[in-house]
2 protein chains.
Amino acid sequence: MPKIGMQPIRRQALIEAAIQTIHERGSLEVTVGQIAKRAGVSSALAHHYFGSKDSLILSTMRYLLTELTTDLRATLAAARTPRDRITQVIRANFTPSQFDPAVVSAWLVFYVRAQSSPEARRLLRVYAGRLHSNLAHALAQITDSVHAHAIAEGAGALIDGLYIRRALKSGSPDPESAIQVVETFVDAMLAQSEPIREISNGRG
Amino acid sequence: MPKIGMQPIRRQALIEAAIQTIHERGSLEVTVGQIAKRAGVSSALAHHYFGSKDSLILSTMRYLLTELTTDLRATLAAARTPRDRITQVIRANFTPSQFDPAVVSAWLVFYVRAQSSPEARRLLRVYAGRLHSNLAHALAQITDSVHAHAIAEGAGALIDGLYIRRALKSGSPDPESAIQVVETFVDAMLAQSEPIREISNGRG
DNA sequence: TATTTTTGATTGACTGCTCAATCAATAAAA
DNA sequence: TTTTATTGATTGAGCAGTCAATCAAAAATA
């Protein structure tokens, strides 16, 4: 029946349905049938396009990683100074599409998944590595390398922690206050590592 | 009856087996049979003592919360100054028994669980609430209330984030460096909120 | 002390259900 | 006709929870 070229459409629909279903159920204990139903197709078709549930889940992770990269590129485009680059890297993580409850839920369950799936773990390491190198690179232009890495490490952990806490909260997301926490952290750490310079960055 | 008084022994053994099994499998997708086997009993006995898998899991969460409280009391006993209390609250979260890989894995999966289980969510909120009030109370003695809450909020998220990252790392835990990250965070935030006072607390 | 009774502890076998994955068949384009 | 899209039906595995039955210590009794 179907017109040719359904593959990418179905894959996209199934991935987005997976994110929503994971959010709704609050865990990875979702069935292929539930995901497929939400995408408006049969579970058999989901298997047809992804081969296995595992593959669908991994594709969903990759999709989220790609979206994050896209958002990062978009925010970074506006950055001019190193300090501004830091701000934009942080902001990319709290974009509406990233800080969306369903997306946050998905990230959380993927962290658990990474504990038993080598490929999932690899993907999360890619994410953590990129975040760290983006932050550390910009930081290295305003402080020494040791502090740069330490601050990047802390900021990364802080972002992860804010995600976790977001997942536990009900109600609408508050990206701005989360961004503010990380910004304040970075400012405070920079101020401590270079007490001679100006503290404020005009965002406080 | 057989040796009377088996109940507490079995319950304890099953709870500890649950933590280990969850760690080993990296998720909550563990069977009662696996847990029971590790505890050296039949799955039927696990049901006999806990009623349901769900109840066993919740008991495991409560057990971890209790252990954390115990560790907290122990570290707090040594604290004299408000700043020292903060240090000890932080340290309690990175005690060897808390920062143990299996325990960290368990906390991580419980965070996911909290998304679909109201009781699990309640328990995590108890944890987050205690941590926050402990930190905020001590902080309020060295800075104003607004900053105290903000710093406590950030420190809590940071601790959660460090746990997540610990779960993803292989190899032995490094509690000291994690503690150092949080300590540095607190110092930096305090320094920024009160730029006139001394920055160092002698731990940097 | 010896015997009987009582009852918590414990398990193997079983049930009913869920789910991932497969397959054969159908429908519509190309 | 050949290829792509699609699904209902089916299967085989795995699992939570139940239950009837057994075991052995402890308490009561003789």
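Chain letters run A, B, ... following the sequence lines, proteins first and then strands; every chain starts at 1.
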Protein-nucleotide distance ([X], atom [atom1]; [N], atom [atom2]), rounded to Å:
X	N	atom1	atom2	value
Arg10(B)	dT11(C)	CZ	C1'	12 Å
Gln7(B)	dA25(D)	CD	P	19 Å
Leu56(A)	dA20(C)	CG	P	10 Å
Arg11(B)	dG8(C)	CZ	P	16 Å
Phe50(A)	dT6(D)	CZ	P	13 Å
Ile9(B)	dT10(C)	CD1	C1'	15 Å
His47(B)	dA16(D)	NE2	P	7 Å
Leu45(A)	dA20(C)	CG	C1'	15 Å

Ion pair present between [X] and [Y], side-chain N to carboxylate O less than 4.0 angstrom?
X	Y	answer
Arg62(B)	Glu67(B)	no
Asp100(B)	Arg166(B)	no
Arg113(A)	Asp54(A)	yes
Arg38(B)	Glu16(B)	no

Mind listing the side-chain donor-acceptor pairs of residues 145-162 of chain B below 3.5 Å, one per line with the distance, residues two or more places apart or on another chain?
unit_1, atom_1, unit_2, atom_2, d
His147(B), ND1, Asp144(B), OD1, 2.7
His147(B), ND1, Asp144(B), OD2, 3.3
Asp160(B), OD1, Tyr111(B), OH, 3.4
Asp160(B), OD1, Tyr127(B), OH, 3.3
Asp160(B), OD2, Arg165(A), NE, 2.9
Asp160(B), OD2, Tyr111(B), OH, 3.0

With the side chain defined as heavy atoms from C-beta on, Ser52(A) is closest, among dG17(D), dA21(C), dA5(D), to dA21(C)
Which atom pairs, donor and acceptor, lie under 3.5 Å between side-chain atoms of residues 71-79 of chain B and protein residues at least two apart or in another chain?
unit_1, atom_1, unit_2, atom_2, d
Asp71(B), OD2, Ser97(B), OG, 2.7
Asp71(B), OD2, Gln98(B), NE2, 3.4
Thr75(B), OG1, Asp71(B), O, 3.3
Thr75(B), OG1, Leu72(B), O, 3.0
Thr75(B), OG1, Gln88(B), O, 3.1

Sugar-phosphate only, base, or nothing, as touched by Tyr49(A) at under 4.0 Å among non-hydrogen atoms: sugar-phosphate
Could you tell me how the ring of Phe99(A) sits relative to the ring of Tyr163(A): parallel (under 30°), tilted (30 to 60°) or perpendicular (over 60°)?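 Rings of Phe99(A) and Tyr163(A): perpendicular, as their planes differ by over 60°.
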5'-most contact on DNA chain C: Gly51(A) or His48(B), nearest heavy atom basis?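 Counting from the 5' end, the first nearest nucleotide belongs to His48(B).
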Here the residues of residues 18-44 of chain B within 4.0 Å heavy-atom distance, strictly under, of DNA chain C are Val41(B), Ser42(B), Ala44(B)
